[in-house]
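Keep in mind that what you see is a predicted model, and the values were worked out from it rather than measured.
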Amino acid sequence: MTHRVAIVGAGPSGFYAADGLLRSRPDLHIDVIDRLPTPFGLVRAGVAPDHQGTKAVVRQFDRLLAQPDLRFAGNIEIGRDLSWDDLLEAYDAIIVATGMVVDRKLGIPGEELPHVWGSWRLVAWLNGHPDFRAGPDLSQVKSVAVIGNGNVALDVARVLAKSAEEMAKSDIVPEAEAAIVAAPITDIHVIGRRGAEHASFTNNELAEMGRLVRAVSVADASVLQAVAPAEDPTPEKLRKGKNIDTLKGFAAHKPGEKPVTVHFTFHAAPTKIQPGEVVLSSGSVKADLVVTCIGYTGQPFPQGEGIFPVGWARRGPTGTIPTNRADSHAVAQQVLAWLKDRDPKSGPDVLPVAVDAAGWHRIDKHEIAAGTAVGRPRVKLTDWQALLDVAQSG
């Protein structure tokens, strides 16, 4: 007999954990369980659809799915199909890789208005997540407020600002692309409550905002006095300094030079949202759509012996996909140390009928074929039943 490990969540941290385990213990039996019939978590549903290079990481995860003792079990929801107690009884260890996919609240009046969207909800719609098939009504949206100063805020602003030609090689859902292209958007405000020296943009993502075909990026005058904090470690000072230089370049641009203007506004804390407007500590901006990009929270999971959170479930919504690799490998070593002196559990297989790796590959093949027909990487299935029908068609 060998030990059995359940990994709940088939995103990057879950697959990296499986990789870390199998590198040291190729004899382990690992079940990667996900409520969706598709694997890859945030890579599939959370990475901006125009960043195909970032999404290419799934190739190494797909190779893991070919390992004989790793089983993908999709369309299995903990709490609906299995309980955490079922898993604790059946498996020698449980790795929790459920991530954080609940939009954090601003805590200000008006954020429950229908034109206010969290970034997870919006990006999931762009990416064809079956829980988020309906997007915002963009038909009357001229001005957008994007609240946040991280890469997700840039993703939202960039995708809303891009032309159809710029999105042609992405895997954005066709309905979402059509809605964006038809929208009368002229202004996008990226709003940060602190100064440019505190923004968490990565250099490449910010620079990309200066290369958009139909949008010009401008920045408020505060960026001209911004200086990277002296107490920051050298890599952070370099990143922030380069960002400030990029924003200074944006400050030389004029609104209206292109059909869409992306305004970078700093030192502006949102205090209230009302129809058509966001009230800030420094004034107000018009906003027919508001997208909050201020981080995420997660669903609770059990704590205790034999349970090992990993990725965002462990450290919160910070870091990039590569960050998860080292983190997950470290947790894998903790799991292996836990298993070392414990006898494997015996008992029946508790997993109900699931979408397996073969079922996922049918979905993958179907989506890629649909994409090839229109010159795109893929056209995703966005309906739960359609996903299950294709998965089970073999």
**OP:** Decide side-chain contact (heavy atoms from CB on, under 4.5 Å) for L21 and I95; before the verdict, give the C-alpha distance in whole Å, the side-chain angles of both, and the deciding distance to 0.1 Å.
**Re:** CA-CA 11 Å; L21 292 171; I95 295 176; 3.9 Å; yes

Original post:
Step by step, would you call E205 with T202 a side-chain hydrogen bond (donor to acceptor under 3.5 Å, both in side chains)?
Top reply: CA-CA 6 Å; E205 291 246 1; T202 53; 4.9 Å; no

Any carboxylate oxygen within less than 4.0 angstrom of a Lys/Arg side-chain nitrogen, looking at [X] and [Y]?
X	Y	value
D103	R121	no
D50	K169	no
D232	R239	no
K105	E111	no
R4	D92	no
E367	R44	yes
E277	K272	no
D131	R35	yes
D356	R71	no
D187	K142	no

**OP:** Could you pull out all residues at least two apart from Y296 that satisfy ring pair (Phe, Tyr, Trp, His ring centres under 6.0 Å)?
**Re:**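 Testing Y296 for ring pair (Phe, Tyr, Trp, His ring centres under 6.0 Å), a comparison that skips the adjacent residues, returns W312.
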
Subject >> Set of ring pair (Phe, Tyr, Trp, His ring centres under 6.0 Å) partners for H189, sequence neighbours left out >> reply: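 With neighbours one apart ignored, the set is H263.
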
**OP:** Would you sort out whether V5 and Y91 count as a side-chain contact (heavy atoms from CB on, under 4.5 Å), showing the intermediate values?
**Re:** CA-CA 6 Å; V5 178; Y91 292 90; 5.6 Å; no

Look at atom [atom1] of [X] and say whether more than 12 heavy atoms of other residues, nucleotides or ligands are closer to it than 6.0 Å.
X	atom1	result
E77	CD	yes
E231	CD	yes
E236	CD	yes
R193	CZ	no
Q140	CD	no
K242	NZ	no
R80	CZ	yes
N204	CG	no

Original post:
Side-chain heavy atoms under 4.5 angstrom apart, residues restricted to Ile, Leu, Val, Met, Phe, Trp, Tyr: same cluster for L289 and V173?
Top reply: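 Different clusters.
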
Is the closest side-chain heavy-atom distance between [X] and [Y] below 4.5 Å?
X	Y	value
P114	V116	no
L65	L70	yes
D327	S13	no

**OP:** Hey, could you give me each pair passing ring pair (Phe, Tyr, Trp, His ring centres under 6.0 Å) that has a residue in residues 349-380? Not counting sequence neighbours.
**Re:**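 Applying ring pair (Phe, Tyr, Trp, His ring centres under 6.0 Å) to every pair that reaches into residues 349-380, excluding sequence neighbours, yields F40-W360.
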
Subject >> Aromatic ring pairing W338/F308, orientation class (parallel under 30°, perpendicular over 60°, tilted between) >> reply: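 Ring orientation of W338 relative to F308: perpendicular.
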
**OP:** On the 0 to 90° scale, with breaks at 30° and 60°, tag the F264-F266 ring pair as parallel, tilted or perpendicular.
**Re:**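 Correct class here is parallel.
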
**OP:** Step by step, work out the salt bridge (charged side-chain N to carboxylate O under 4.0 Å, His left out) result for D62 and R59.
**Re:** CA-CA 5 Å; D62 240 338; R59 294 171 190 159; over 6 Å; no

Original post:
Does a donor on one side chain and an acceptor on the other come within less than 3.5 Å for T265 and D220?
Top reply: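 The criterion, which ignores hydrogens and geometry beyond distance, is not satisfied for D220 and T265.
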
Original post:
Between K345 and L88, is there a donor-acceptor pair closer than 3.5 Å when you use the side chain of the first and the backbone of the second?
Top reply: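 Yes.
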
Original post:
Quick one: does K380's side chain have a donor or acceptor within less than 3.5 Å of a partner on N127's backbone?
Top reply: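 Present.
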
Subject >> Verdict with supporting geometry, T246 and N203, side-chain contact (heavy atoms from CB on, under 4.5 Å) >> reply: CA-CA 8 Å; T246 299; N203 298 148; over 6 Å; no

**OP:** Apply side-chain contact (heavy atoms from CB on, under 4.5 Å) to the pair L280 and I191, showing each step before the final yes or no.
**Re:** CA-CA 9 Å; L280 307 170; I191 300 166; 4.0 Å; yes

